[in-house]
Amino acid sequence: LRVAAVFVWLAATGCSKEPAPPAGPPPDAKRVDVSTAGRVSGRVVLEGPVPQNPPIKIEADPFCQNAQKDGMTSESFVVKDGALDNAFVYVKDGLGSYVFDVPTAPVTLAQQGCRYGPHVVGVRVNQPIEITTADATIHNVHALAKVNSGFNFGQQIPGEKQRKTFVKPEVMVEFKCDVHSWMRAYAGVLPHPYFAVSGNGGMFELKDVPPGTYTIEAWHEKLGTQTQTVTLGEKDSKEITFTFKAPTS
Amino acid sequence: VITLHRYAKLVAACTILLIAAGGMVTSTDSGLAVPDWPNTYGRFMFFFPFEKMIGGIFYEHGHRMIASTVGFLTIILAIWTWRVEPRRWVRWLSVAALGAVVLQGVLGGLTVLFLLPPPVSIGHAALAQMFLCLTISLAVFTSPRWIAAANPVDDPRLRRLAATTTAIVYGQILLGATMRHTGAGLAIPDFPLVFGGLLPPSWTAPVAVHFAHRVGALVVTGAVLLTTARVWRYKDRPELIRPAFALAVFLCIQIALGAAVVLTGLQPVVNTAHVVNGALVLGSALVLTLGSFRPVFDRALQRTARPVASVARPLGARS
């Protein structure tokens, strides 16, 4: 009986992680004045030989095999002419007491053809993230959160949707499907809107950034992180480049 | 003729198969491929269609199916033992096995529902080995050799050595389970050296667990050498020499598999073979230990048995 009571208590307290109610704004909270805000843009590049994305064995699921007739490779390195896509670039530090409205529209993470799309995505704290499937096969959506509550649920009917929210900042939350072990996606959860995923030749842009000095970080799933410090004046624009070195092996 | 002893051996063999299936779940990282429990994707688990057992579901759902089968076999084992076995302590041992397999199922469900917390997953792995030990013990205690044993070897030093070896092997398996369920399997990436030397250049929790498992292998090897050397005195006693030989052989295989696990970068089949063979090392150490303790069982039973009962009901025969 005691053991049962302990389990019930665990289930009722420590193990049930209900989203915390949003905390009120700090007393010195301020909002961004877009008329004086600037922008930070730039590129993410990869220096050195481009690593090969290894082929993925998808024979275990005939649906995936049909959906990806030309085969699949891992999505870790999307590189063209030295430009690196799928890096998550964000303001890591320096925003102080600015507060931001949380969008109510969800960010979508879609499962299609036994892949996640997008592979890397940004979402705001308390903004819904809608996970959808278009596949006529079973997927499980397993969020390996470390700061937030992780979750794991199944989707097996095309068109199925489920919404989740993360209540704390976390860079990055990994999503995986344990049925199809190659399926991976990464979500950066932030309390502000200053993030982007490098694309179209490694490009990124952070708009409407208020004047100040910021630590900007670029994260890549295989290459780790890099940071730079940027100081923005009123209506200022800065361009920066993050250069990752290709792994030696 | 199917005897209780043969049936207990069947349950022990199925438990080895179950450990192999569980090992494949962890080795292929499929532990959460079925997100619900006790159902499978909302269906009663026995009605889940075979054609949907794809990818990680094959391993996780297959593990659940084999586990259910072993649970069912254990229920029969407990009922059968309770009905035909004259020794009360053996009957209760079968009940303990049944309790262990039920608890094991609950732990397996909890670890899925709480997203594989290492303490629960390690507990699940530890209880699996304990359940195997219970089924092996039942097979030993119901064997004709055990029941008819005459003039068993009475060597206190052998008993101490064998029991200590079994305990060390179990501890080593717990370390291995901790390593597997905390993702420390490649925390030290080379073998037989450690980052090119004898000691890790820096210590983190995964490196410490991995290194402890390697040191544990040396300790187990030493303990097995001492024990088998002692058994060598009783070359004409098959109840001791056979499990000792098996222990030595399984240990050699285990060391080779341990090296292969690192050198193949945690290849799932190799990884699982290491888990299964580890269970065989434990099982053979346990059989040897029980054999060495045979006279102690006799003395304990003589102390507790009523004089009339001991005459009227010889070991193994129920009136």
Side-chain angles (χ1 to χ4, degrees), chain A residues 3-4 6-17 54 56-67 72 111 114 131 133 135-146 148-157 160 162 164 173-184 249, chain B residues 24-43 45 48-64 99-100 102-103 105-107 109-121 123 127 181-183 189-190 265-269:
Chain A
V3 173
V6 168
F7 279 129
V8 170
W9 178 80
L10 276 174
T13 57
C15 296
S16 67
K17 296 176 179 174
I56 295 166
K57 292 180 182 171
I58 55 175
E59 301 82 38
D61 189 340
F63 173 84
C64 301
Q65 214 169 6
N66 273 332
M72 292 171 83
Q111 298 163 101
C114 300
I131 301 123
T133 182
D135 290 345
T137 189
I138 293 180
H139 293 301
N140 76 298
V141 183
H142 176 193
L144 292 97
K146 293 186 174 74
N148 288 279
S149 300
F151 55 79
N152 184 30
F153 60 86
Q155 289 189 326
Q156 44 190 327
I157 301 165
E160 220 172 318
Q162 191 148 344
K164 295 283 181 182
V173 176
E174 183 180 359
F175 283 78
K176 67 179 283 206
C177 173
D178 301 280
V179 181
H180 308 99
S181 56
W182 63 85
M183 285 177 66
R184 291 281 200 284
S249 59
Chain B
M24 281 305 286
V25 170
T26 304
S27 301
T28 58
D29 203 12
S30 305
L32 292 174
V34 180
D36 47 350
W37 181 87
N39 284 344
T40 296
Y41 283 93
R43 291 182 174 89
M45 64 179 290
F48 187 75
F50 185 77
E51 67 271 15
K52 287 186 182 288
M53 285 178 65
I54 45 166
I57 301 174
F58 174 80
Y59 297 109
E60 171 60 18
H61 184 67
H63 179 50
R64 294 184 188 189
V102 171
L103 182 59
V106 172
L107 273 183
L110 286 177
T111 203
V112 166
L113 296 178
F114 291 114
L115 309 182
L116 309 182
V120 182
S121 295
L127 188 56
H181 292 287
T182 55
D190 49 347
L266 303 183
Q267 203 281 334
V269 174

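Nothing here was measured: the structure is a model prediction, and the numbers come from that model. Chain identifiers are assigned alphabetically (A, B, ...) following the order of the sequence lines, protein sequences preceding nucleic acid strands; residue numbering begins at 1 within each chain.
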Is chain B contacted by the side chain of Phe63(A), its backbone, both, or neither, given a heavy-atom distance below 4.5 Å?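 Looking at Phe63(A), nothing touches chain B.
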Counting heavy-atom pairs closer than 4.5 Å to chain A, which one of Gly55(B), Pro35(B), Gly56(B) comes out on top? Pro35(B)
Against chain B, work out which of Glu59(A), Lys176(A), Gln155(A) has the most heavy-atom pairs shorter than 4.5 Å and name it.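 Looking at each option in turn, the highest pair count goes to Lys176(A).
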Gln156(A) and Tyr41(B): which non-hydrogen atoms are nearest, and at how many Å? NE2-O, 3.3 Å
Do you know the tightest heavy-atom contact between Ile54(B) and Val179(A)? O-CG1, 3.7 Å
List the residues meeting ring pair (Phe, Tyr, Trp, His ring centres under 6.0 Å) with Phe48(B), not counting sequence neighbours, and say none if there are none. His61(B)
In chain order, what residues pass the ring pair (Phe, Tyr, Trp, His ring centres under 6.0 Å) check against Trp182(A), with sequence neighbours excluded?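 Checked Trp182(A) against ring pair (Phe, Tyr, Trp, His ring centres under 6.0 Å); matches are His180(A).
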Non-hydrogen atoms of chain A under 4.5 Å away: do they reach the side chain of Leu115(B), the backbone, both or neither?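 Interface part for Leu115(B): side chain.
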Kindly compute the distance separating CG (Leu144(A)) from CG (Leu32(B)), expressed to the nearest 0.5 Å.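 Those atoms lie 8.0 Å apart.
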Measuring from Asp61(A):CG to Met53(B):CE, what's the distance to the nearest 0.5 Å? 13.5 Å
